[in-house]
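Accompanying notes for the structure given below.
Every number for a ligand or one of its atoms is a count from 1 in the order of the listing.
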Amino acid sequence: VAPSSEVVAFAPGRVNLIGDHTDYTGGLVLPMAVQLGTTVRFRPDPAARRIRFVSDSELEPADLPLVVSQPQSVTPGWARYVAGVMAEVGPPAGGKARISTTLPIGSGLSSSAALEVGVALALGFSGSAVELAMACQQAEQKASGVPCGVMDQLTSAGGVEGRALLIDCRSLDVEAVALPPECEIVAVHSGQARQLAGSEYAARRRDCERAAALVGHLADASVADVTRLRDPRLRRRARHVVTENQRVRDFAASLHAGDVAAAGEIMRASHASLRDDFEVSTPVLDALVDDVSSRPGVYGARLTGAGFGGCAVALTAPGALEVGWKLVPSRGAWVRGGGGRGGPIS
Ligand code: ADP
Ligand code: MG
């Protein structure tokens, strides 16, 4: 790296069309990278042993040593994600970094993964999209203490322009899926900040692990298998995962067939399952999904992301919803400058 040559990385956010709380059990998800994302500009200084990060979205800058041993106790809090990435990437030089984003933060469109992937690329991560995603998943787990799956990071790293991604979270195989023409994806914020998301997320993950200890891998289980679970709570949790995996398959098939009405029905069923069986919705999100679903030209809607507030996503006819963010399936993260490597990662 030539001294003071700027490296610019961009990492998109993502919206999950269907398949929530299935990634960490090795199941199926169907997100897409979006046109909104986070830009990280890094100016390396080979003489410096620290990196100073400034975010346009935060008052307090962060000044971090090159070796961060405890990312989860870094201040300010937002820099924990950055510190988690530094612990994974091990940047060779200090310098200055500036972060800006077009994503809403903390709303379920994965500004955290966009931050991690953007910082990792700006600081010189080299590797495949899957390797980048796994490093950033580790970073997020270290930073937040939330045992998150790999969906957000893999979508940001591996997005494909004009396509959603059908991801098998066990094999990490990714299939690009076209959306039917003449439809829109719209995210609408519930107005509710996400609460309890961390502790409840961990509790759901534990429930899934307990269920899997009794019936085997949930990604391989059938509804009949999980119906045998005695504990009613574990039965509901596992039933969500098993039926959600099937809904992801059915949703992908509906997209292939161009059947937006069927795809919308499946989204509504997903919301009901997240509400009743997985218990990660809120009355505000339920009301929003009901309201949005009843509008003319809306094929279906559901909460998206982990739940407990944040956004709903809707599949609509063009122009049917005049609120929220109209989201376009977009390419994954890219970096230019630095070592001269440009363009998207593969
Ligand atoms: P989401 O990923 O859905 O937006 P999270 O709660 O997972 O919500 O992550 C949001 C957190 O990530 C913020 O509270 C902040 O700490 C950090 N973050 C994300 N984007 C930025 C940014 N551009 N600048 C500073 N911090 C950010
Ligand atoms: Mg996040």
Side-chain angles (χ1 to χ4, degrees), residues 8-16 20-21 23-24 29 31-34 36-42 51-64 71-86 96-122 133 136-157 187-202 205 280 282 285 303-313 324-325 327 333:
V8 182
F10 174 83
R14 64 97 186 94
V15 64
N16 191 23
D20 268 311
H21 291 279
D23 61 349
Y24 51 78
V29 295
M32 65 186 210
V34 300
L36 308 176
T38 299
T39 302
V40 181
R41 295 171 186 281
F42 178 51
I51 305 182
R52 183 183 158 86
F53 292 90
V54 177
S55 168
D56 290 356
S57 309
E58 296 282 342
L59 275 175
E60 252 191 274
D63 181 32
L64 303 177
Q72 71 279 11
S73 45
V74 156
T75 54
W78 66 269
R80 290 174 190 169
Y81 298 89
V82 175
V85 171
M86 287 177 69
K96 288 185 175 151
R98 168 154 226 121
I99 297 158
S100 59
T101 192
T102 50
L103 283 162
I105 292 179
S107 304
L109 299 184
S110 217
S111 70
S112 60
L115 176 62
E116 292 144 15
V117 171
V119 167
L121 288 176
C136 290
Q137 177 194 17
Q138 286 303 312
E140 173 135 355
Q141 292 193 353
K142 278 184 195 161
S144 66
V146 178
C148 63
V150 76
M151 165 173 68
D152 302 354
Q153 292 81 8
L154 186 51
T155 309
S156 181
V188 185
H189 204 288
S190 64
Q192 201 174 29
R194 280 182 308 172
Q195 291 156 350
L196 293 174
S199 56
E200 290 293 322
Y201 189 104
R205 186 164 178 161
V280 293
T282 63
L285 271 170
L303 72 82
T304 186
F308 302 105
C311 283
V313 61
W325 295 271
L327 298 171

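For Ser110 (side chain) and Gly13 (main-chain N/O), no donor-acceptor pair under 3.5 Å exists by modelled atom type.
Only the backbone of Ser107 comes within 4.0 Å of ligand 1, judged by heavy-atom distances. Residue Ser112 touches ligand 1 through backbone and side chain together, judged by heavy-atom distances below 4.0 Å.
Scanning the protein heavy atoms around atom 13 (C) of ligand 1, the nearest turns out to be Ile105 CG2, 3.5 Å. For atom 12 (O) of ligand 1, the closest non-hydrogen atom of the protein is Tyr81 CE1, 3.6 Å. Closest to atom 27 (C) of ligand 1 among all protein heavy atoms lies Leu115 CD2, 3.6 Å. Among all non-hydrogen protein atoms, the one lying nearest atom 8 (O) of ligand 1 is Arg194 NH2, 2.6 Å. Looking at atom 15 (C) of ligand 1, its nearest protein heavy atom turns out to be Trp78 CB, 3.9 Å.
Close contacts of ligand 1 with Thr101, meaning ligand atoms under 4.0 Å from a residue heavy atom, involve 23 (N). Every atom of ligand 1 is numbered from 1 in the order shown, and the set under 4.0 Å from a heavy atom of Glu58 is 25 (C). Residue Ser110 approaches ligand 1 through these ligand atoms, each under 4.0 Å from one of its heavy atoms: 1 (P), 2 (O), 3 (O), 4 (O). Every atom of ligand 1 with a heavy atom of Ser55 under 4.0 Å away is listed here by number and element: 22 (C), 23 (N), 24 (N), 25 (C). Atoms of ligand 1 lying under 4.0 Å from at least one heavy atom of Leu109, given by number and element, are 3 (O). Proximity to Gly108 (heavy-atom distance under 4.0 Å) selects the following atoms of ligand 1: 3 (O).
Backbone and side-chain nitrogen or oxygen atoms of Ser111 are examined, and one is located within less than 3.5 angstrom of a nitrogen or oxygen of ligand 1. For ligand 1, none of its N or O atoms has an N or O atom of Ile99 under 3.5 Å away.
What you find for Ser100 and Asp56 is that their closest heavy atoms are CB-OD2, 3.3 Å.
To the nearest 0.5 Å, atom CE of residue Met151 and atom CG of residue Asn16 are 4.0 Å apart.
Heavy atoms of Gly106 come nearer than 4.0 angstrom to ligand 1 in at least one pair. Using 4.0 Å as the threshold, Gly77 has no heavy atom nearer than that to any atom of ligand 1.
Between Trp325 and His189, the ring planes lie perpendicular to each other; the angle is over 60°, past the 30° to 60° tilted range.
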